Amino acid sequence: MDKKRNSMSGKPNKNAAMKNLGFISLIIIFGLILLAATNQNTKLQTIPITTAIRSANNGDYSTLKVTGNEVLITKKGDNTPTLKTYVEPNATLKVEGLDYTKVQVNAVAASNGSSTWVSILITIGPVVVIGLILYVMMKSAQGQGNQALSFGKSRARLYGNEKDKVSFKDVAGSNEAKQDLEEVVEFLKFPKKFSSLGAKVPKGVLLVGPPGTGKTMLSRAVAGEANVPFFSISGSEFVEMFVGVGASRVRDLFAKAKKNSPCIIFIDEIDAVGRRRGSGMGGGHDEREQTLNQILVEMDGFEQGQNVIVLAATNRADVLDPALLRPGRFDRRVNIDLPDRNDRFAILKVHFAKKPTSKNIDLDALAAKSAGSSGADLANIANEAAIIAAKANRNEINNDDVTSAFEKVAIGPERKSKVMTQKDKEVTAYHEAGHALVGHVLPDSDPVHKVTIIPRGGTGGVTWFIPPEDRVYASLVQFKDILARGMGGRIAEEIILGRDKITTGAGSDLQNAAELARDMIVNQGMGDKLRNQVFKTDDGMMIDRLVHERDYSDETAKIIDDEVEELIKQASIRAEVIIKANLKYLEALKEKLLEKETIDAKDVDEILKGSKMPEKAKLY
Ligand code: ADP
Ligand code: MG
Ligand code: ZN
């Protein structure tokens, strides 16, 4: 399953907001000037002076307001002028023929035909505009400068407001982790209780677990429960191009935190800085080392009563520097595992609770088949289901939406629009039928869940096996069956099309098989000749990989390669024997696939009823 990590903390770009503000005020100023310049009086209907005088003498008007040569006319019963007319420029304020008893005449000193307010705006307007442009430019330039100057400042984000407060009840499952962290909450809330007994409050707690299992969420929940501020920073943010930046960021972060005590510092992905020191290659290492040292120094520097607890998250506790894990530093460890079936159910319930769902949705079934999914994956499924329902203009999420969402998250979206030629379809059908048939016949393979020849994600088709229940261990025979069914696609092509016509459709199958086989030999001690031996291969950071270090001889390397080859060869032979013994079932499955494109477990069972496991493919 593709684990996409979604970061919880969006950083609003302050600089952009600043620029926007400047831009908006610019527009407003321009607008004002335009408004004032195009004096609203111009909108008034202009009438000839003679008409105006006649109507005025008739007593139709209440006031005439004379400004320069412009006369604004307010009709009787109106409050504002609705008409205007013009008199001779620089004329005396007496208008010939006008009966001054019939109308009130207000004369205002002329100022070139427009009001003083307008002329002021016109004179200072450009100055203001230019000033504003300069201000905005300076501000953004300064922003960049600031960034350069604030390199050493930590970019920690502070959460503390009610809105994004998380509590333990938002985190479903993970009961053991919650229990462990409950203690941390106590330390933060009632430090006296512990110090009065001479107990030292722990400084660092390490949260260890695969991505998406809720480590960030749990840390925020601790802050929420204890009602203290929460400073969050990611390990990778410490590491910058310039040496020394990381260390000063650490200093800054801890200084900030001490000011806000009691509080929590959360260092996400601490393995980015906290890797084992001393491989001494390249500048990047120096930088990390300095940063790491600074973290250690700061943690040692906490005085008693300074109630700051550092939580750190990682999915690679094995690569952390031992110095980080010493007493007084990250000496407490909370393990967070992938959720088991019950926890998956609980997490799904949490995430579907906020969404309108139809009664038929079966979250328990989804929990059952989503072994290996993290909390984040499950949250993602819930979200996808809602999107699918919304796209179909339904106002409830139904069970089909949930199933499609699960499949989309697990293997990628269906690409129905991709046109396959009839020939390609047939090859795909044989290929997938090969996987399904071999998997179905083998005794230690998981059952087939679904077979499809609709392209999904990056593949032409998918045969999907799902374990009936969560498993803790995998056995050698299970691995061997996985290898054999993985070869089933290519072997089916080979048997049906002939060796010359095999396709690229098996590329990723072979890749997966090769990886699994190597893992079996190198890490699991499942080799025949290298029985119960494991071999350390260094997978450090990029730089480490350049110098390939390994703890075994060239001879051993050769034996490992041979063992891997043997596993793949054996798997291919088993697949071949099974397919050849059940050819008519392969054909039947292929036909059904071409007809329906997607078939589920029930169909597969029915079509393959009577298929048999040949003696030669048996392992025991
Ligand atoms: P991590 O930090 O371990 O990679 P996150 O804490 O970032 O994982 O979790 C990512 C998302 O997954 C969360 O925002 C939440 O929606 C979901 N999630 C993970 N675990 C749980 C859980 N136990 N209960 C509810 N939601 C969870
Ligand atoms: Mg996280
Ligand atoms: Zn395949």
Side-chain angles (χ1 to χ4, degrees), residues 3-10 164 166-178 181 207-222 232-236 266-272 311-316 334-340 342-354 373-383 409 411 427-439 451-453 455-456 458-465 482 485-494 502-513 575:
K3 301 269 157 60
K4 292 206 187 69
R5 257 179 281 164
N6 39 8
S7 85
M8 293 189 51
S9 46
D164 44 32
V166 180
S167 67
F168 278 149
K169 71 175 190 319
D170 296 319
V171 184
S174 309
N175 288 327
E176 285 115 38
K178 276 196 251 180
L181 290 170
L207 301 167
V208 184
T213 43
K215 298 183 293 295
T216 309
M217 204 183 180
L218 269 167
S219 321
R220 293 182 61 180
V222 171
S232 161
I233 192 164
S234 166
S236 55
F266 177 59
I267 306 177
D268 211 351
E269 291 162 41
I270 195 169
D271 45 298
L311 298 183
T314 179
N315 49 355
R316 296 290 316 268
V334 175
N335 285 317
I336 302 166
D337 293 322
L338 284 173
D340 62 14
N342 287 334
D343 282 358
R344 287 200 299 275
F345 183 55
I347 295 171
L348 284 169
K349 271 210 299 216
V350 166
H351 286 280
F352 275 99
K354 298 165 223 146
S373 303
S374 68
D377 292 327
L378 298 172
N380 195 11
I381 291 172
N383 188 46
V409 170
I411 37 181
V427 174
T428 310
Y430 274 121
H431 179 108
E432 299 307 332
H435 286 307
L437 173 63
V438 175
V451 193
T452 176
I453 55 167
R456 287 199 91 120
T459 65
V462 183
T463 303
W464 203 354
F465 300 90
I482 291 175
R485 78 182 187 213
M487 303 308 294
R490 164 57 62 85
I491 300 296
E493 287 181 36
E494 219 173 272
I502 53 174
T503 71
T504 53
S508 62
D509 294 336
L510 301 182
Q511 187 94 36
N512 293 341

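Remember, it's a predicted structure, so these values are computed and weren't measured experimentally. One-based numbering, in listed order, for ligands and for the atoms of each.
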*Under 3.5 Å, N or O to N or O, is V171 touching ligand 1 that way?*
no

> Hey, does D271 have a side-chain heavy atom less than 4.5 Å from the side chain of N315?
Replying inline: yes

On a heavy-atom basis, the closest approach of S374 and P211 is CB-O, 3.6 Å

Query - Side chain to side chain, H435 and D509, heavy atoms closer than 4.5 Å - result: yes

- Does a side-chain heavy-atom distance below 4.5 Å link E432 with T452? no

Note: NE2(H431)-the Zn ion (ligand 3)-NE2(H435) angle, rounded to 10 degrees, equals 90°

Per-atom filter on ligand 1: closer than 4.0 angstrom to a heavy atom of D170 are 24 (N), 25 (C)

Check contact between A313 and ligand 1, using heavy atoms of the residue and a distance below 4.0 angstrom. no

To the Zn ion (ligand 3), the closest N, O or S atom belonging to D509 is OD2

d(F352 CZ, I381 CD1) to nearest 0.5 Å is 7.5 Å

Check your understanding: How about D170 and M217: do any of their side-chain heavy atoms sit closer than 4.5 Å?
Key -> yes

inquiry  = Evaluate G214 for polar contact with ligand 1, using N/O atom pairs at a separation under 3.5 Å.
reply    = yes

Sub-4.0 Å heavy-atom contact, N380 with ligand 1
no

Taking every heavy atom of V438 against every heavy atom of G488, the minimum-distance pair comes out as CG2-CA, 4.1 Å

Worksheet item: Got a sec: is E432 within less than 2.8 Å of the Zn ion (ligand 3) via an N/O/S atom?
Response: no

A student comparing K215, H351, K349 should find that the heavy atom closest to atom 1 (P) of ligand 1 comes from K215

Atoms of ligand 1 under 4.0 Å from any heavy atom of A172, numbered from 1 in the order shown, are 22 (C), 23 (N), 24 (N), 25 (C)

Is there a side-chain contact between L181 and L207 in this structure, where contact means two heavy atoms from C-beta onward sitting under 4.5 Å apart? yes

Note to self: Yes or no: does G173 have any heavy atom under 4.0 Å from an atom of ligand 1?
What the structure shows: no

Ligand 1 atoms nearer than 4.0 angstrom to some heavy atom of G375 are 12 (O), 17 (C), 18 (N), 19 (C), 20 (N)

### Message
Using 2.8 Å as the threshold, say whether any N, O or S atom from M217 sits that close to the Mg ion (ligand 2).
### Response
no

Exercise for review: Measure the shortest side-chain to side-chain distance between L510 and M487 over non-hydrogen atoms and say whether it is less than 4.5 angstrom.
Suggested key: yes

Looking only at distances, please establish whether an N/O atom of ligand 1 is found under 3.5 Å from an N/O atom of M217.
-> yes

Is any side-chain heavy atom of D337 closer than 4.5 Å to a side-chain heavy atom of T213? no

Nitrogen or oxygen atoms of T213 and ligand 1 under 3.5 Å apart:
yes

In ligand 1, the atoms that come under 4.0 Å of a heavy atom of P211 are 4 (O)

